[in-house]
Amino acid sequence: MLSGLIWRTGEIVLDRRTALLAVVWYNVAPVAGLDFLTTPDPPSALFWMATIWAVAEFVASGRRTWWLVAGIAVGLGLGSKYTLAFLPPGLLLYLLLDRERRRWLGYWQIWAAMVLALLVFSPVVWWNAQHGWASFLFQGRRTASSGVSLDFLGYLVDFVAGQTLYMTPVMVAFAVAGAVIF
């Protein structure tokens, strides 16, 4: 399913050849072979890509209901891995950085998408409230610290190594180069 979302998004945003290259690149990356492991990464990647796909479908068609699909995908993604919380601010920046896209903030579907995301994610919040905020505290312990500690540095090294394996070193180089150029 993830390959299909990559294909369709690549086809919408660029062209069929690039879409095919993206799908092939994803499927030869080590992560594609590791998806069977019991981690939250495959569902998170699926819902992250589903969100991007839904926004691309909106941009291509102008059908505002695609934002509702994006909201549901964000909610499901947050339920699988909290790092998906970085996607909504990225989408907000996408909307704010262009005059035409800023006008889209007047569409009720964008605001409803945020509500849908929160509604879909709300069982996770409810469970945490009933269990002393267990998963929030566990994840927060790894990200919040009173300074640079050996634990924090260990988590940082683990994160960078994991992302490099997930993306492949070549894609990491492209990502860094793209960020620098941007």
Side-chain angles (χ1 to χ4, degrees), residues 1-14 19 22-23 26 31-32 35 37-144 155 159 162-163 166-167 171 175 178-179 182:
M1 183 164 210
L2 182 55
S3 293
L5 293 172
I6 292 169
W7 165 267
R8 179 65 182 144
T9 304
E11 185 180 40
I12 293 169
V13 174
L14 297 166
V23 170
Y26 171 76
V31 68
D35 274 353
L37 295 175
T38 307
T39 69
D41 293 333
S44 175
L46 174 67
F47 294 123
W48 191 294
M49 193 66 228
T51 304
I52 300 302
W53 160 72
V55 172
E57 290 284 2
F58 161 75
V59 171
S61 71
R63 291 183 53 217
R64 299 173 189 175
T65 53
W66 283 111
W67 281 103
L68 304 177
V69 174
I72 292 168
V74 167
L76 291 170
L78 283 168
S80 68
K81 193 166 185 180
Y82 300 151
T83 54
L84 205 118
F86 290 107
L87 183 54
L91 288 172
L92 181 61
L93 280 174
Y94 171 73
L95 293 170
L96 292 175
L97 292 176
D98 180 79
R99 184 186 336 241
E100 170 66 22
R101 292 190 302 255
R102 279 192 298 272
R103 288 189 320 111
W104 299 347
L105 289 170
Y107 301 157
W108 68 265
Q109 292 88 344
I110 290 178
W111 302 102
M114 288 190 290
V115 171
L116 275 173
L118 292 172
L119 284 173
V120 170
F121 183 59
S122 67
V124 175
V125 176
W126 181 83
W127 183 92
N128 270 279
Q130 300 302 311
H131 294 89
W133 306 104
S135 68
F136 291 160
L137 289 173
F138 175 76
Q139 294 301 325
R141 168 176 66 90
R142 298 185 335 166
T143 58
Y155 290 133
F159 172 75
Q163 292 303 305
Y166 195 80
M167 292 172 62
M171 287 305 291
F182 180 73

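Sequence positions, counted from 1, serve as the residue numbers for this chain.
Within the 3.5 Å criterion, the main-chain N or O of Met114 finds no donor-acceptor partner in the side chain of Trp67.
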Candidate pair Phe121 and Leu76, rule side chain to side chain contact (heavy atoms under 4.5 Å, CB included), full reasoning: CA-CA 7 Å; Phe121 183 59; Leu76 291 170; over 6 Å; no
Residue pair Ile12, Val59: steps toward the side chain to side chain contact (heavy atoms under 4.5 Å, CB included) verdict: CA-CA 9 Å; Ile12 293 169; Val59 171; 6.0 Å; no
Worked check of side chain to side chain contact (heavy atoms under 4.5 Å, CB included) between Phe138 and Tyr82: CA-CA 11 Å; Phe138 175 76; Tyr82 300 151; over 6 Å; no
Check against side chain to side chain contact (heavy atoms under 4.5 Å, CB included), Leu2 and Phe47: CA-CA 9 Å; Leu2 182 55; Phe47 294 123; over 6 Å; no
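For the atom pair Leu68 CG and Trp108 CH2, the distance stands at 5.5 Å (nearest 0.5 Å). Separation of atoms CG (Leu93) and CG (Asp98) is listed at 12.5 Å; rounding is to 0.5 Å. From Arg102, atom CZ reaches atom CG of Leu95 across 10.5 Å, with rounding to the nearest 0.5 Å.
No more than 12 heavy atoms of other residues, nucleotides or ligands shown are found within 6.0 angstrom of CZ on Arg63.
Residue Val23 comes nearest to Ser3 through the heavy atom pair CG2-O, 3.4 Å, listed as atom of the first residue, atom of the second, then distance. When every heavy atom of Thr51 is checked against every heavy atom of Ala70, the shortest pair comes out as OG1-O, 3.8 Å. Here the closest non-hydrogen pair linking Gly75 and Val120 is C-CG1, 3.5 Å. The two residues Phe136 and Asn128 make their nearest non-hydrogen contact at N-OD1, 3.2 Å. The heavy-atom pair separating Ser135 from Trp127 by the smallest distance is N-CZ3, 4.3 Å. Residues Gly132 and Leu137 approach most closely at O-CD1, 3.4 Å, considering heavy atoms.
No side-chain heavy atom of Trp53 sits less than 4.5 Å from a side-chain heavy atom of Ile6. Residues Ile52 and Val13 form no side-chain contact, since every pair of their non-hydrogen atoms from C-beta on lies 4.5 Å or further apart. By the 4.5 Å heavy-atom criterion applied to side chains, Leu87 and Leu78 are not counted as neighbours.
The aromatic rings of Trp104 and Tyr94 lie tilted to each other, with the angle between the two planes from 30° to 60°.
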